[in-house]
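Below, each value reflects all heavy atoms present in this structure, side chains not excepted, and no hydrogens, waters or symmetry copies. Chain letters run A, B, ... following the sequence lines, proteins first, then strands; residues in each count from 1.
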2 protein chains.
Amino acid sequence: MAAKTDIKGTDETRAGDVLHRMRLDIISCALKPGTRMRFETLKELYAVSFSTLREALQRLVAEGLVISEGQRGFMVAPLYLSDLQDLTDVRVLVDQECIGRSILHGDDEWEAQIIAAFHRMDRLKARLNDLYFMSDEWAVLHGDFHRSLVSACRSPTLLDFRDKLFQRAHRYRRMSCQFRTKWRPKDVEHRTLMETVIARDAPAAKNLIERHIRETTENVIQNAGQFLSTEPTAFPGILKSIAAE
Amino acid sequence: MAAKTDIKGTDETRAGDVLHRMRLDIISCALKPGTRMRFETLKELYAVSFSTLREALQRLVAEGLVISEGQRGFMVAPLYLSDLQDLTDVRVLVDQECIGRSILHGDDEWEAQIIAAFHRMDRLKARLNDLYFMSDEWAVLHGDFHRSLVSACRSPTLLDFRDKLFQRAHRYRRMSCQFRTKWRPKDVEHRTLMETVIARDAPAAKNLIERHIRETTENVIQNAGQFLSTEPTAFPGILKSIAAE
DNA sequence: ACACCACTGATTTTCGAAAATGTGAGCATC
DNA sequence: GATGCTCACATTTTCGAAAATCAGTGGTGT
């Protein structure tokens with residue numbers, strides 16, 4: 001039945017709830033990349049027991065948001081330049097494929113969902129103007145819009161993978177906001193993307209999504225590239241250096 | 001750091017060990033697809049406690065080998081025809097990409113690993129002749145060979161995803177062995193694949209791997225297609241029908 | 001001075017009992 | 001006869017204490 005990972009994580013169990021909250025904290029960088037996650041701390045932060053925490057953490061490891069080592073516990077996955085580049089390439093591959101298939105299979109309802117998602121995103125942006133991209137609410141609607149584009153691709157496996165990649169990438173975008181100097185206007189890109197997809201022009205849409213993804217990554221690197229770790233990540237080594245700051 | 005899922009699962013903790021054993025049991029179909037996994041049963045089967053089991057199960061869910069629903073527990077992921085087809089398409093996409101990149105980046109050591117892996121697989125096949133494909137040992141060496149082909153692709157994210165797909169696909173291959181009527185000789189295909197990859201002929205290699213994957217799937221469908229479920233899988237519904245058999 | 005070992009405190013991992021939840025049977029009602 | 005309700009049982013989920021493991025410290029021998 002393919003990957004039933006349920007990216008929402010809200011499976012009405014307590015661990016699912018903690019997973020959900022923890023994930024938001026990680027992708028919003030409220031839990032800083034590279035920080036050690038001690039159980040005592042987390043326990044009072046989320047008000048649940050060891051086992052429940054452990055369960056949520058395990059699932060986050062599978063999503064690539066947390067890493068764990070042997071008997072040494074967990075830490076928020078650090079942000080690496082090399083990881084961002086890897087992520088970018090894979091996202092281009094996967095999103096292109098998903099968009100191609102969606103254009104092939106999508107029906108009227110699919111188009112309607114895209115237009116609706118764009119409208120919601122566009123209106124919110126107008127309301128929040130200028131610092132809209134810092135808002136968590138906008139992050140959700142932006143994510144929804146991009147997902148609507150690929151939602152008709154008819155591959156649960158690919159879609160599930162795509163969602164995880166998108167989430168991981170979001171942490172880098174979020175981090176770069178803080179150091180932002182300039183930000184290119186993405187609303188035009190989004191509109192063009194929508195129009196091209198609905199016009200069923202697959203090659204053009206694939207080009208657009210590639211440019212969209214790669215340019216965003218370049219922006220991130222320009223804004224925050226110097227703050228990204230450069231990979232010398234032995235697990236115990238980093239713990240001290242991070243705890244120190 | 002990317003996806004650090006550690007497909008071996010042996011992170012020297014007890015849960016890691018259980019994960020490892022359980023995964024083998026699922027892949028080898030010792031735990032039958034679609035069966036409900038009750039804690040009492042698993043507890044004495046693997047001789048660990050609730051929490052430890054739970055932890056291993058969560059990780060298996062992330063790998064797509066187990067599915068879980070709300071407060072209803074876990075079950076071995078069923079095998080669906082539609083899932084197999086989805087899996088096949090995605091594997092073609094991902095393996096082609098990985099092979100292309102490996103051919104681009106691979107060095108002498110990479111070639112050596114491929115040749116060594118092929119040799120190990122080939123010799124074992126000769127020793128086991130005729131029913132080699134039922135052997136668990138061969139499954140390992142066959143997996144190692146395919147992985148060696150793509151191992152130089154320089155994308156942890158893609159490789160990790162590929163490994164999970166390969167594993168999920170293995171369950172279908174394993175199941176079809178039991179109902180096997182005929183089996184095409186794959187050793188020639190493997191040799192050609194190896195030679196083409198080492199000759200750095202990317203387009204040809206991509207064609208070969210696609211044919212290899214798709215033909216294997218067709219074989220599986222011919223042998224065992226009628227035994228695959230056809231997707232009407234509400235969670236509580238299937239429980240009774242399976243428990244009954 | 002340097003390497004090695006044992007010990008201590010901090011932290012993670014595991015356990016099994018207790019709480020929460022789902023499932024199905026039996027009964028009342030329409 | 002079918003539908004909805006309540007209760008008892010089976011099963012999962014959560015909890016916090018106990019065991020296992022790791023990291024750092026001090027002492028000993030060379």
Side-chain angles (χ1 to χ4, degrees), chain A residues 4 6 9-22 31 34-62 66-77 233-244, chain B residues 4 6 9-22 31 34-62 66-77 233-244:
Chain A
K4 177 150 192 159
D6 185 8
T10 160
D11 53 8
E12 52 192 78
T13 153
R14 193 168 301 207
D17 179 52
V18 173
L19 168 65
H20 186 61
R21 285 189 285 154
M22 226 173 200
L31 288 172
T35 50
R36 177 81 178 277
M37 307 174 89
R38 286 203 190 70
F39 279 87
E40 286 301 335
T41 316
L42 295 177
K43 215 174 98 162
E44 64 181 61
L45 191 55
Y46 294 99
V48 286
S49 70
F50 293 114
S51 334
T52 308
L53 273 175
R54 186 154 256 280
E55 189 161 326
L57 284 168
Q58 288 293 355
R59 295 213 232 170
L60 288 169
V61 169
V66 164
I67 65 182
S68 77
E69 183 128 335
Q71 310 258 25
R72 267 171 258 235
F74 300 81
M75 77 184 229
V76 183
T233 322
F235 202 89
I238 210 165
L239 297 184
K240 276 174 286 188
S241 60
I242 298 226
Chain B
K4 182 157 186 151
D6 185 9
T10 161
D11 52 8
E12 54 193 77
T13 154
R14 193 167 301 207
D17 179 52
V18 173
L19 168 64
H20 186 61
R21 285 189 286 153
M22 226 174 200
L31 288 172
T35 51
R36 176 79 176 278
M37 307 174 90
R38 286 201 189 71
F39 279 87
E40 285 302 334
T41 316
L42 295 177
K43 216 175 99 163
E44 64 180 64
L45 192 56
Y46 294 99
V48 288
S49 71
F50 293 114
S51 334
T52 308
L53 273 175
R54 188 155 255 281
E55 189 162 326
L57 284 168
Q58 288 294 355
R59 295 212 232 171
L60 288 169
V61 169
V66 164
I67 65 181
S68 77
E69 184 126 336
Q71 309 259 24
R72 264 172 261 235
F74 300 81
M75 76 185 229
V76 183
T233 322
F235 201 89
I238 211 166
L239 297 184
K240 276 175 287 188
S241 60
I242 299 230

Under 3.5 Å, which donor-acceptor pairs do the side chains of residues 47-55 of chain A form with other protein atoms, sequence neighbours left out?
residue	atom	partner	partner atom	Å
A:S49	OG	A:T52	OG1	3.3
A:R54	NH1	B:E55	OE1	2.8
A:R54	NH1	B:E55	OE2	2.6
A:E55	OE1	B:R54	NH1	2.8
A:E55	OE2	B:R54	NH1	2.6
A:E55	OE2	B:Q58	NE2	2.6

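When the side-chain hydrogen bond (donor to acceptor under 3.5 Å, both in side chains) test is applied to B:T41, no partner is found at least two apart in sequence or on another chain.
As rounded to whole Å, 12 Å separates atom C1' of D:dA19 from atom CD of A:Q71. Counting to the nearest Å, the P atom of C:dG16 and the CZ atom of B:F39 are 15 Å from each other. B:D17 places its CG atom 15 Å from the P atom of C:dT13, with the value rounded to the nearest Å. The nearest whole Å value for the distance from the CG atom in B:L42 to the P atom in D:dT11 is 12 Å. Here the C1' atom of nucleotide D:dA20 and the CZ atom of A:R72 are 15 Å apart, to the nearest Å. Distance CE (B:M75) to P (D:dT11): 17 Å, rounded to an integer number of Å.
Interface residues of residues 49-58 of chain B facing DNA chain D, ordered by number: B:S51, B:R54; criterion, heavy-atom separation under 4.0 Å.
Considering all non-hydrogen atoms of both residues, B:M22 and B:A56 come closest at SD-CB, 4.4 Å. The shortest heavy-atom contact between A:R21 and A:Y46 is NH2-O, 3.3 Å. The two atoms that bring A:R59 and A:L19 nearest to each other are NH1-CD2, 3.6 Å, heavy atoms only. Contact between B:A62 and A:A62 at its shortest, heavy atoms only, is CB-CB, 3.2 Å.
Proximity note for B:R14 (side chain, C-beta onward) versus C:dC15, C:dT12, C:dG22: the nearest is C:dC15. For B:R38, whose side chain is taken as the heavy atoms from C-beta onward, the closest listed nucleotide among C:dT11, D:dT11, C:dT13 is D:dT11. Listed candidates were C:dT14, D:dT11, C:dT11. Nearest to the side chain of B:T13 is C:dT14.
Along DNA chain D, the nucleotide closest to A:K43 and the one closest to B:E40 are compared, and the more 5′ of them pairs with B:E40.
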